[in-house]
Amino acid sequence: MKKTPVISDVKGYWELEANRIPWFEPWNSVLEWNEPFAKWFAGGTLNASYACLDVHMGTERENKVAIHWEGEDGETIPFTYAQLYHEVNRFASALKKNGMRKSDRVVLYLPMIPQALIAMLACARLGAIHSVVFSAFGSSALADRIRDAKARFVITADFGKRQGKLIPIKNVVDIALEGDVFVEHVFVIKRTNESIVLHEKRDLLFQNILEAADDYVAPEPVDATHPLFILYTSGTTGKPKGIVHSTGGYLTYINSVFNKAFNPQEDSVYWCTADVGWITGHSFVTYAPLMNGTTSVVYEGGPTYPTIDRWWQLIEKYKISIFYTSPTALRMFMRHGTETIKKHDLSSLRVLGSVGEVINPEVWSWYHEHIGGGRCPIIDTWWQTETGGFMLSPSAQNLVDLKPGSATFALPGIDVDIVDAYGISVPANTKGYLVIKQPWPGMLIGVYGDPERYRQVYWSKFSGMYYPGDFAIKDDDGYFWLLGRSDEALNVAGHLLGTAEIESAAVAAFSVAEAAVVGVPDDIKGQAVVLFVTLRKGVEPDGETKREIVASIRHLMGPIAKPRDIYFVDSLPKTRSGKIMRRILKAIACGEEIGDVSTLENEASVEEVRQVHVAMKKSF
Ligand code: WT7
C-alpha cells in the first residue's frame, strides 16, 4: 500500500520548499524554536505581493489570466497577471499617498469583488497588515475586530450583492466606527451608483484617490517573521482570536501544500468557492494560486442564486479542472438531487477538494460519482485557520489509495499523531486527540496582542505538542479519520463517540441530508445521543424514516450510538462559514441558555429547532 513518504531531514525539506518562492535576502536560520514561539526563516526578506505578481512579469505568464472574476448577475471581468499587477500597484500607491505605512493594521470589509484580492495584495505590497472581516458579519463583530487589531484604516465598499439584494455594507462600517478614535480613513470602493453618506475627512472615495496614483510602487521588503495578516476566528464559542500569520513561513507553506495537494498544471483552471473572509480565501483563493501562476475563477455569490445549478454552470463555462468546496455545500446539493447537475458538462474536472468539516463517506462517494464522474480523486484537506494550510491531505502529485471519508495522511514534513488524555500515543483504532508534534512553517505566530492566550489555547494541553481541538482515530493502515471537535465528543456509558461518526452513520440512511449530534445528560448512561436531522427533498418526517435512521446507526456504529431522541428540522444552525453549531442544539436539547449567536448564519433555524423540540417534548 502506497503511503506518504517520510521526510527524515525536516528542516532541510522546508528549506527546499522555501526556495520555491522568491526572496530578496536569504535567511539566517531555518527555524528558531522557543516553544511555543517559532521564527521560520528569520533574517530572510521578501514581499508577498512581489511573490504573487512581480515574479510573473516578463515571463509568459504576464498575459495569462490570473483571475476570471464573475459577478452574481453574470458580469465577468478577466484579469491577466499583468493587469492584476497594474491594479495592485495603483491601489497600493493610492493607499501609500494617503498615509498607509509598513505594519499599519488595515481592516478589509469587502464583498467578493476583485478589489478584495487587490486590496489584500496592495496592503501586503506596503508591508501593512490586513485583517479581512467577512462582509456578512454585523457591526458589533466588525467593531470588535477593528478595535482589537487597533486598525488605522478600513477598506470597504458602498454595497455588496447577495442573492440579488444590495447589502449596505458601508452603513455597517459607519455603525461599527461610532465613537472610534483610532481609524484615520475609511476607503470606500463604489460598487454601485447608489448614493451613500460620506464622513468628511475620514471617508475617501477610492475611485477619486486612484486618479493621483502612480503605476508602480516598490514592494516593501519585510522580514520572514513580519505579520502578513491577522484573521479573526471564533471557532464556535468565545471571544474571537486574532490569528497572526507570518510572511515567509506562511507563504512557503501554502505554496508547498497547494502544489502537493492539488498538483495544478500550467493549463489548469482552479476554483475555490470560499470567501476571502476565511483562511481558505486567504491561502487558497489569493496567495497560493497567484504565487503559483494559476488561473482561478473568483465568484461573487453563493451556490443557489439565481438557480441551484449556478456552480455547475461556472464549471462548464470556465472548464474548471480543480474544484475546492465544503461538505456543507455538497450536502445541500445532495438534498436537492442530481437532475440539474446532469444537465452540465463537468468533464473538465480533474481534482476535487473538500474542507471545513468531516466529509461523511456518503457525501464523499456522492461527490466522487456525481461531480467527479468517478474519475477525480477527492482531496479531503484537514487544516485550520491556525495552521495556515493543509496538514492532513492526500496529494494529487503522489496519490495514495483513497478511503471515502478519510483525510488519509499528514503531508510531507508534518508530524501528526493521536494521543490519549495524558499525551501518550494511542495504538491503531483507538480514538483520541489529534496533535501536531513539530512546528511547521505555516503555523500561526501568535494571537494578536495576547501571547498568553496563544500558549494557553494551543500549547498547554499537552507538553510540547500543538493541540488543534479535534478528536480522531487512525486505522490499521495508518489513515486518519476525523471524528469532530474533541470538546463535543460524547461519553455514552463509558464509550467515547465522536459527533462525526454518529452523524456519518445517520447520513448513510438515504432519507437524511444532514445530521447533527449532541450529547445530553442521562441518569443511566452519563450521556445520551440526541440527533437533529434535515431530510432529502420529498422524504416524510415519520416513524418509518426514524426507524431507517436508527437502523443505519445501529448497523454502522452498534447499539451504543442509538439516539435517544431524533428531531426533524428544516435547517440546522450554522456559523457563517457553514459549520453546524452543536453548542446551540445542545443548549436547546438541555433547556439551557443559548448564549452568543452573533456568528450564526441562519438565526431563524434556532427558533425552528426550539419549536420542534418543544412540540416533540409535549407529544411524549
Ligand atoms: C476546524 C478548523 C481550514 C479552513 C476552513 C475551516 C474542521 C476543517 C476539515 C476536514 C474534518 C475539518 C476541524 C478543524 N475541519 N477541515 N477536512 N475534515 N474536519 O477553518 O474555521 O479554522 O476550522 O474545522 O474541526 O479544527 P476553521
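No hydrogens, no waters, no symmetry mates; every other heavy atom, side chains included, goes into these values. Nothing fancy with the numbering, it's 1 onward along the sequence. If you're wondering where the values come from, they're calculated on a predicted model, not measured in any experiment. Indexing begins at 1, ligand by ligand and atom by atom, following the structure's order.
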Distance-only donor-acceptor hits, side chain of residues 416-427, under 3.5 Å, sequence neighbours excluded:
from, atom 1, to, atom 2, distance (Å)
Asp417, OD2, Ser425, OG, 2.4
Asp417, OD2, Lys437, NZ, 2.7
Asp420, OD1, Tyr422, N, 2.8
Asp420, OD1, Gly423, N, 3.1
Asp420, OD1, Ile424, N, 3.0
Ser425, OG, Lys437, NZ, 3.3

Discussion item. List the residues meeting side-chain contact (heavy atoms from CB on, under 4.5 Å) with Ala587, not counting sequence neighbours, and say none if there are none.
Written reply: Glu592, Ile594
Worksheet item: Between Tyr479 and Lys474, is there a cation-pi geometry (under 6.0 Å to ring centre, at most 45° from the normal)?
Response: no
Response to the item:
Separation between CD (Glu503) and CE (Met557), nearest 0.5 Å, reads 10.5 Å
Fill in: Parallel, tilted or perpendicular, as decided by the 30° and 60° cut-offs, for the rings of Tyr466 and Trp440
perpendicular
Give a table of atom pairs where an N or O of ligand 1 lies under 3.5 Å from a protein N or O.
from, atom 1, to, atom 2, distance (Å)
ligand 1, 15 (N), Gly356, O, 3.3
ligand 1, 16 (N), Gly356, N, 3.1
ligand 1, 17 (N), Asp380, OD1, 2.7
ligand 1, 17 (N), Thr381, O, 2.8
ligand 1, 18 (N), Glu357, O, 3.3
ligand 1, 22 (O), Thr385, N, 2.8
ligand 1, 22 (O), Thr385, OG1, 2.6
ligand 1, 23 (O), Lys579, NZ, 3.1
ligand 1, 24 (O), Gly356, O, 3.3
ligand 1, 24 (O), Lys579, NZ, 2.8
ligand 1, 25 (O), Asp470, OD1, 3.0
ligand 1, 25 (O), Asp470, OD2, 2.9
ligand 1, 26 (O), Gln384, NE2, 3.0
ligand 1, 26 (O), Asp470, OD1, 3.0
ligand 1, 26 (O), Asp470, OD2, 3.2
ligand 1, 26 (O), Arg485, NH1, 2.7

Item to complete: Only pairs at least two apart or in different chains count here, so list each salt bridge (charged side-chain N to carboxylate O under 4.0 Å, His left out) that has a residue in residues 359-377.
Response: none
